[in-house]
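Take a look at the structure set out below.
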Amino acid sequence: MKRKIAHITLVVKDYDRAIAFYTEKLGFELFEDSYLNEQKRWVVVGPSNSDGCRLLLAKANGESQHHAVGNQTGGRVFLFLETDDFQKDYQQLSNKGIEFIRPPKKESYGTVAVFKDLYGNLWDLIGPKG
């Protein structure tokens, strides 16, 4: 049996703003944007040229979901974006206005810097060692 995690839900305030951020700022691809009803869409984004896990952008619905936007893991790093060219990606993201809250640092597993998405969720940009 072969299994994988296909999507991770990321709760957002607005579909179109989130799509713009992930495609224009992070350079992700919009894989799907289907209208399910007047308030709900199936929106999937992820890194181009990757068959890994993708993000399902889900518009917050209700008070508890609205409170989770930007803080889905209680202030911990939530998502990890791995790159084979750390310096190039770090520079491109910085040039596009991505806010890095921790500068690049060498760790035992590679180079890492922490950035915020448009709602404040924390991400690691990782250039693996070797």
Would you say that more than 12 heavy atoms from the other residues, nucleotides or ligands in this model lie under 6.0 Å from the [atom1] of [X], or not?
| X | atom1 | answer |
| --- | --- | --- |
| I5 | CD1 | no |
| N95 | CG | yes |
| D85 | CG | yes |

Kindly compute the distance separating [atom1] ([X]) from [atom2] ([Y]), expressed to the nearest 0.5 Å.
| X | Y | atom1 | atom2 | answer |
| --- | --- | --- | --- | --- |
| T73 | F78 | OG1 | CZ | 6.5 Å |
| I98 | W123 | CD1 | CH2 | 9.5 Å |
| K116 | N121 | NZ | CG | 10.5 Å |
| L81 | D124 | CG | CG | 9.5 Å |
| Q92 | L26 | CD | CG | 11.5 Å |
| L93 | K88 | CG | NZ | 11.5 Å |

Any idea which heavy atoms bring [X] and [Y] closest together, and the distance?
| X | Y | result |
| --- | --- | --- |
| I19 | T23 | O-OG1, 2.7 Å |
| S108 | K129 | O-CD, 3.2 Å |
| G27 | S48 | O-OG, 4.0 Å |
| L125 | F86 | O-CE1, 3.3 Å |

Is [X] linked to [Y] within one hydrophobic cluster, defined over Ile, Leu, Val, Met, Phe, Trp and Tyr using a side-chain heavy-atom separation of less than 4.5 Å?
| X | Y | result |
| --- | --- | --- |
| F80 | F115 | no |
| V45 | Y15 | yes |
| F21 | F100 | yes |

* For the pair L79 and L122, evaluate side chain to side chain contact (heavy atoms under 4.5 Å, CB included) and give the outcome as yes or no after the intermediate values. => CA-CA 7 Å; L79 297 162; L122 299 180; over 6 Å; no
* Is there a donor-acceptor pair under 3.5 Å between the side chain of Q72 and the backbone N or O of V11? -> yes
* Who are the side chain to side chain donor-acceptor pair (under 3.5 Å) partners of D33, not counting sequence neighbours? -> R41
* Mind checking side chain to side chain donor-acceptor pair (under 3.5 Å) for N37 and listing every partner two or more places apart, or none if nothing turns up? =>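 Side chain to side chain donor-acceptor pair (under 3.5 Å) check on N37 returns nothing, list empty.
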I'd like to check the side-chain contact (heavy atoms from CB on, under 4.5 Å) partners of [X]; sequence neighbours left out, ordered by chain and number.
| X | result |
| --- | --- |
| S50 | P47 |
| P128 | E82, I126 |
| E107 | K105, Y109, V112 |
| K96 | K25 |

* Asked: Any side-chain heavy atom of L30 sitting closer than 4.5 Å to one from Y22?
  -> no
* Asked: Mind checking whether W42 and Y35 have side chains closer than 4.5 Å, heavy atoms only?
  ->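 They are not in contact (no side-chain heavy atoms under 4.5 Å apart), so the answer is no.
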Please tabulate, for side-chain N and O atoms in residues 56-69, each donor-acceptor pair with protein atoms closer than 3.5 Å (sequence neighbours left out).
residue	atom	partner	partner atom	Å
Q65	OE1	N61	N	2.7

* ring-ring contact (aromatic ring centres under 6.0 Å, His included) with Y119: which residues, sequence neighbours excluded? -> none
* Those residues that, when tested against F31, pass ring-ring contact (aromatic ring centres under 6.0 Å, His included) (two or more places apart) -> none
* **Residue pairs fulfilling side-chain hydrogen bond (donor to acceptor under 3.5 Å, both in side chains) with at least one residue in residues 3-12, sequence neighbours excluded** => none
* Contacts of R54 that satisfy salt bridge (Lys or Arg N to Asp or Glu O under 4.0 Å) - sequence neighbours left out ->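 R54: no salt bridge (Lys or Arg N to Asp or Glu O under 4.0 Å) contacts found.
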